[in-house]
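Since the structure comes first, as structure tokens, the remarks are kept for the end.
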Amino acid sequence: MKSERSEPTAGRPAGTAGTDPATEAFVDHRNLLFTVAYEMLGSAADAEDVLQETWLRWSGVDLGTVRDRRAYLVRITTRQALNRLRTLGRRKESYVGSWLPAPLLTTPDVAEDVELADSVSTAMMLVLETLTPTERAVFVLREVFALEYDEIAEAVDRKPAAVRQIAHRARGHVAARRPREHVSSADSRKALDAFRRAVETGDLQNLLDILAPDVVLLGDGGGVKQAVLRPIVGADKVARLLAAGLGRIPTGSSFLFAQVNGRPALLLRVDGELDTVLTVRVDHGLVTGLYAVRNPEKLSHMRRATTLSR
């Protein structure tokens with residue numbers, strides 16, 4: 001008789017006694033599957049939903065027909081993420097203001113994997129937003145997770161030759177838009193530290209010194225919290241806006257450093273509650289992007305660290 005399968009919980013460790021092979025395989029690869037879904041969607045909540053859908057389909061699979069459980073699970077996850085990505089695209093069309101990926105409080109090992117940290121940085125996730133759903137899936141599976149073209153073809157229902165063409169096109173598209181160099185954590189923290197000092201002292205000069213002339217500020221309040229509704233471009237405009245905004249931060253608020261999406265970030269806490277997550281893009285030592293997420297729905301995965309894996 002087939003053993004009854006129950007859905008594995010998020011924190012259950014691999015190899016838990018009493019679980020059946022399907023559950024063990026799912027738990028073993030859960031962090032990988034979440035990372036795939038998150039990189040495709042930019043939404044932690046939607047990635048969790050994709051994992052639920054993946055489990056429901058996986059629990060009905062005859063394991064005797066599965067040669068590679070990891071590849072099979074990635075294929076299910078990719079297909080579910082593609083379906084959700086198209087739905088998410090329609091939601092973004094009616095989103096109030098700029099849409100930014102939901103930040104993740106990440107474990108220290110994510111920062112140690114330079115390629116993984118780069119791939120989930122806010123700046124890179126915004127570049128992935130410019131790809132079509134299929135291009136994004138192919139790029140993520142090939143460039144981040146190093147899947148073979150045959151495996152990707154099964155996941156996106158295309159022929160391997162077509163997948164190669166899509167990968168080439170997506171790679172060129174991303175190369176033209178991604179950060180121009182790998183930025184060390186020290187450089188990112190230096191930029192964020194200048195921002196924090198400007199808040200604490202009211203002196204914006206330190207911040208102005210590291211803003212690129214064409215810096216872009218994006219804010220995501222989701223229509224729930226106040227945020228800039230359109231991108232603010234240019235060092236002078238960004239500095240003036242920040243000067244006005246800093247004066248409205250309540251007394252007693254605090255800025256704390258944290259690892260978010262594998263990179264240093266600043267967390268603004270007001271009355272002990274997380275209010276804003278600020279990340280930056282740095283190119284050639286200057287800040288070219290400032291990203292402030294305030295939408296409370298997107299801050300739910302900042303309560304505990306998330307483990308990502310390849």
Side-chain angles (χ1 to χ4, degrees), residues 41-46 88-105 121-123 125-127 129-130 188 191-208 210-261 263-282 287-303:
L41 299 170
S43 165
D46 284 290
L88 193 59
R90 291 192 291 271
R91 293 203 324 240
K92 290 174 187 173
E93 291 175 1
S94 58
Y95 196 79
V96 178
S98 299
W99 186 95
L100 290 171
L104 292 176
L105 187 66
S121 67
T122 304
M125 296 288 280
L126 287 173
V127 172
E129 284 292 311
T130 65
S188 295
L192 290 165
D193 199 41
F195 182 91
R196 186 175 69 168
R197 286 199 305 271
V199 174
E200 293 173 345
T201 65
D203 181 4
L204 287 177
Q205 189 57 50
N206 286 331
L207 183 58
L208 280 168
I210 62 168
L211 290 182
D214 58 350
V215 62
V216 178
L217 168 66
L218 296 176
D220 182 342
V224 180
K225 289 288 191 75
Q226 184 177 6
V228 292
L229 296 178
R230 294 178 298 278
I232 306 300
V233 182
D236 289 340
K237 290 182 180 178
V238 169
R240 285 199 299 270
L241 182 69
L242 290 175
L246 296 179
R248 294 195 294 270
I249 295 178
T251 302
S253 300
S254 61
F255 274 106
L256 303 173
F257 282 105
Q259 284 288 333
V260 174
N261 289 53
R263 295 288 183 83
L266 272 180
L267 311 184
L268 170 62
R269 292 191 174 275
V270 178
D271 295 328
E273 296 293 326
L274 181 60
D275 179 88
T276 305
V277 174
L278 181 73
T279 56
V280 294
R281 169 173 172 166
V282 179
V287 174
T288 56
L290 279 164
Y291 314 111
V293 178
R294 302 196 69 213
N295 184 347
E297 290 185 3
K298 292 189 174 183
L299 301 181
S300 60
H301 275 70
M302 292 296 298
R303 298 190 186 100

Could you state the interatomic distance from OG1 (T279) to OH (Y291), rounded to the nearest 0.5 Å?
-> 7.0 Å
Please assess K237 against L217 for the test side-chain contact (heavy atoms from CB on, under 4.5 Å), listing each intermediate value before the final yes or no.
-> CA-CA 9 Å; K237 290 182 180 178; L217 168 66; over 6 Å; no
Are R294 and D220 ion-paired here, with the side-chain N under 4.0 Å from a carboxylate O?
-> no
For P231 and V216, work out which heavy atoms get closest and say how close.
-> CB-CG1, 4.0 Å
Closest heavy-atom contact between M125 and P101?
-> CB-CG, 3.8 Å
State the CZ-OG distance between R263 and S121, to the nearest 0.5 angstrom.
-> 5.0 Å
List the atom of P264, the atom of Q259, and the distance in Å for their closest heavy-atom pair.
-> N-OE1, 4.0 Å
Please tell me if the side chains of T276 and V293 come closer than 4.5 Å, counting only heavy atoms from C-beta onward.
-> no
Derivation of the side-chain contact (heavy atoms from CB on, under 4.5 Å) call for L266 and L256 = CA-CA 6 Å; L266 272 180; L256 303 173; over 6 Å; no
From the list T122, L105, L267, side-chain contact (heavy atoms from CB on, under 4.5 Å) with V277 holds only for L267
Here the gap from R269 atom CZ to L274 atom CG, rounded to the nearest 0.5 Å, amounts to 5.0 Å
Taking N261 for its side chain and L104 for its backbone only, find out whether a donor-acceptor pair lies under 3.5 Å.
-> yes
Contact check, side chains of I249 and F255, non-hydrogen atoms, under 4.5 Å = yes
Where do V287 and A191 come nearest, in terms of heavy atoms and distance?
-> CG2-CB, 3.4 Å
Nearest atoms (heavy-atom pairs only) where S253 meets V270 = OG-CG2, 3.6 Å
Hey, could you give me the NZ/OG distance between K298 and S43, rounded to the nearest 0.5 Å?
-> 7.5 Å
Heavy atoms of other groups near Q226 CD, more than 12 under 6.0 Å = no
Charged N to carboxylate O under 4.0 angstrom, D193 versus R197?
-> yes
N295 side chain to E297 backbone, donor-acceptor under 3.5 Å = yes
Answer yes or no: does atom NZ of K92 have more than 12 heavy-atom neighbours from other residues, nucleotides or ligands under 6.0 Å?
-> yes
CG of L268 to CZ of R196, rounded to nearest 0.5 Å, is 12.5 Å
Find the distance between OG (S98) and CZ (R230) and round it off to the nearest 0.5 Å.
-> 9.5 Å
Flag the pair R91 / W99 as yes when at least one side-chain heavy-atom distance between them is below 4.5 Å, and no otherwise.
-> no
What do the steps show when you test L242 against L207 for side-chain contact (heavy atoms from CB on, under 4.5 Å), and what is the final call?
-> CA-CA 10 Å; L242 290 175; L207 183 58; 3.3 Å; yes
When every non-hydrogen atom of A292 is compared with those of L278, the smallest separation belongs to CB-CD1, 4.1 Å
Could you walk me through whether L218 and L100 pass side-chain contact (heavy atoms from CB on, under 4.5 Å), step by step?
-> CA-CA 8 Å; L218 296 176; L100 290 171; 3.9 Å; yes
